[in-house]
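Keep in mind that the numbers below use all heavy atoms, side chains included, and drop hydrogens, waters and symmetry copies. The first residue of the sequence shown is numbered 1, and numbering continues consecutively from there.
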Amino acid sequence: MFESFTVIPSIDLKDGQVVRLLHGDMNRVTVYGADPAATARRFEDDGATLVHIVDLDGAIAGEPRNLDAIVRISAEVRCALDVSGGLRTIETIREVIAAGADRVSIGSAAFLFPDLIARACAEFPGRVFGSLDVRDGRLAIKGWVETTRMTVAKAAERFRDAGVAAVIVTDIARDGAQTGIDALRMAEIARSSRLPVIASGGVSTLDDIRGLAARFDDGVVGVVVGRALYEGNFSLREAIASAQP
């Protein structure tokens, strides 16, 4: 699926708007726009082949809450869409895919309903990513509101056994803070889990992207970039160019 290192721009949705949170805190919101479809179109024009969409309201509610926005985005772009947030039943996964998602990312449900992720992988082979949201070395769930006792290694094992295509690993302490990303840690998780890892959380410079891209052979296959793009640290075109070997 990932033949080369992939830069994946992120669109976080709250009340239909494009936002970013700081450290995953729903009370620390920056609004970047009211038209998610236009944002996605801009990313596609800049070279995106995959856009990561997070339904923040859905993550808290436990079911999708921004389906209309996903339908509109899907109608506007040809690039692939990966959707996450509130996917805790096979019905909601089907619903999001019917709305236009090419791939889905499942986090909380892998812990809350262990059979679901295996069922989703069987029904949609190659289209399911695991979401490994990490706080202090443990898995966080329910929109990062709760931290479980499950270790990264155990959660990764569960995803691997279920048959996910890749795992998105988010360092919550760094997310939205633009404090840099720990490429060595991401490579470690990729090697130990034997899963393709998409890194997320903390990207602030092109050097962060270069550092991750250099770990492609370790299994770090991509990076999700959000606030750094919205704040203008660099353009998506520059990010994609910097990831080339």
Side-chain angles (χ1 to χ4, degrees), residues 1-4 6-13 36-37 40 43-44 48-59 61-133 139 141-143 150 154-170 189-190 193-200 219-224:
M1 179 183 290
F2 293 95
E3 292 172 11
S4 60
T6 305
V7 179
I8 306 164
S10 177
I11 297 175
D12 290 6
L13 299 173
F43 286 148
E44 184 178 52
T49 56
L50 176 62
V51 175
H52 179 63
I53 299 171
V54 184
D55 180 348
L56 293 170
D57 303 300
E63 60 183 23
R65 287 286 166 90
N66 283 282
L67 279 175
D68 288 351
I70 292 160
V71 169
R72 287 197 303 277
I73 292 168
S74 176
E76 288 283 340
V77 298
R78 291 183 181 178
C79 64
L81 304 178
D82 164 45
V83 177
S84 69
L87 303 179
R88 297 186 198 163
T89 66
I90 196 70
E91 289 76 21
T92 54
I93 291 166
R94 290 174 185 148
E95 210 177 344
V96 162
I97 286 176
D102 300 278
R103 300 189 179 84
V104 292
S105 293
I106 301 174
S108 299
F111 181 78
L112 299 169
F113 317 109
D115 296 340
L116 175 66
I117 194 151
R119 188 175 174 189
C121 289
E123 189 167 326
F124 302 105
R127 299 176 70 180
V128 179
F129 294 158
S131 282
L132 195 49
D133 303 323
L139 182 73
I141 60 170
K142 296 185 179 177
M150 186 178 283
K154 187 68 184 170
E157 182 185 323
R158 186 170 284 187
F159 284 133
R160 189 179 61 247
D161 291 348
V164 298
V167 63
I168 299 175
V169 179
T170 303
I189 293 169
S193 68
R194 303 192 304 282
L195 281 170
V197 162
I198 298 166
S200 175
V220 181
V221 298
V223 61
V224 174

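- Closest heavy-atom contact between Leu132 and Ala155: CD1-CB, 3.3 Å.
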Before giving the answer on salt bridge (charged side-chain N to carboxylate O under 4.0 Å, His left out), spell out for Lys154 and Glu157 the whole-Å C-alpha distance, their side-chain angles and the decisive distance to 0.1 Å. CA-CA 5 Å; Lys154 187 68 184 170; Glu157 182 185 323; 3.8 Å; yes
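- Between Leu81 and Ile73, the closest side-chain pair of non-hydrogen atoms falls below 4.5 Å.
- Here CD1 of Ile198 is found 7.0 Å from CG of Leu50. Values are rounded to the nearest 0.5 Å.
- Considering OG of Ser200 and CD1 of Ile168, their distance stands at 7.0 Å, rounded to 0.5 Å.
- Put simply, CD1 on Ile93 and CZ on Arg88 are 11.5 Å apart, with the number rounded to the nearest 0.5 Å.
- Judged by distance alone, with hydrogens and angles left aside, the side-chain atoms of Arg160 form a donor-acceptor pair with the main-chain N or O of Ser193 at under 3.5 Å.
- At a threshold of 4.5 Å between non-hydrogen side-chain atoms, the residues Val104 and Phe124 do not count as touching.
- Between Ser105 and Ser84, the shortest heavy-atom contact is O-CB, 3.4 Å.
- Heavy-atom minimum distance, His52 versus Val224: CD2-CG1, 3.9 Å.
- With rounding to the nearest 0.5 Å, the separation of CG in Leu13 from CG in Leu56 is 7.0 Å.
- Distance check, rounded to the nearest 0.5 Å: CG of Leu67 to CG of Asp55 gives 7.0 Å.
- Closest of all the heavy-atom pairs between Pro64 and Gly86 is CD-O, 3.7 Å.
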Determine, step by step, whether Ile11 and Phe43 satisfy the side-chain contact (heavy atoms from CB on, under 4.5 Å) criterion, reporting the C-alpha distance in whole Å, the side-chain angles of both residues, the deciding distance to 0.1 Å, and the verdict. CA-CA 10 Å; Ile11 297 175; Phe43 286 148; 3.8 Å; yes
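- By the salt bridge (Lys or Arg N to Asp or Glu O under 4.0 Å) test, Arg94 is found to be paired with Glu123, residues two or more places apart in sequence or in another chain being considered.
- Closest approach of Ala120 and Ile106 over heavy atoms only: CB-CD1, 4.0 Å.
- Counting only residues at least two apart or in different chains, salt bridge (Lys or Arg N to Asp or Glu O under 4.0 Å) contacts with residues 61-77 comprise Arg41-Glu76, Glu63-Arg65.
- Residues forming a salt bridge (Lys or Arg N to Asp or Glu O under 4.0 Å) with Arg127 (at least two apart in sequence, or on another chain): none.
- Nearest heavy atoms, Ala69 versus Pro36: CB-CG, 4.3 Å.
- At least one donor-acceptor pair under 3.5 Å links the side chain of Thr6 to the backbone N or O of Ser4.
- Atom CG of Leu116 and atom CG of Leu87 lie 8.5 Å apart (nearest 0.5 Å).
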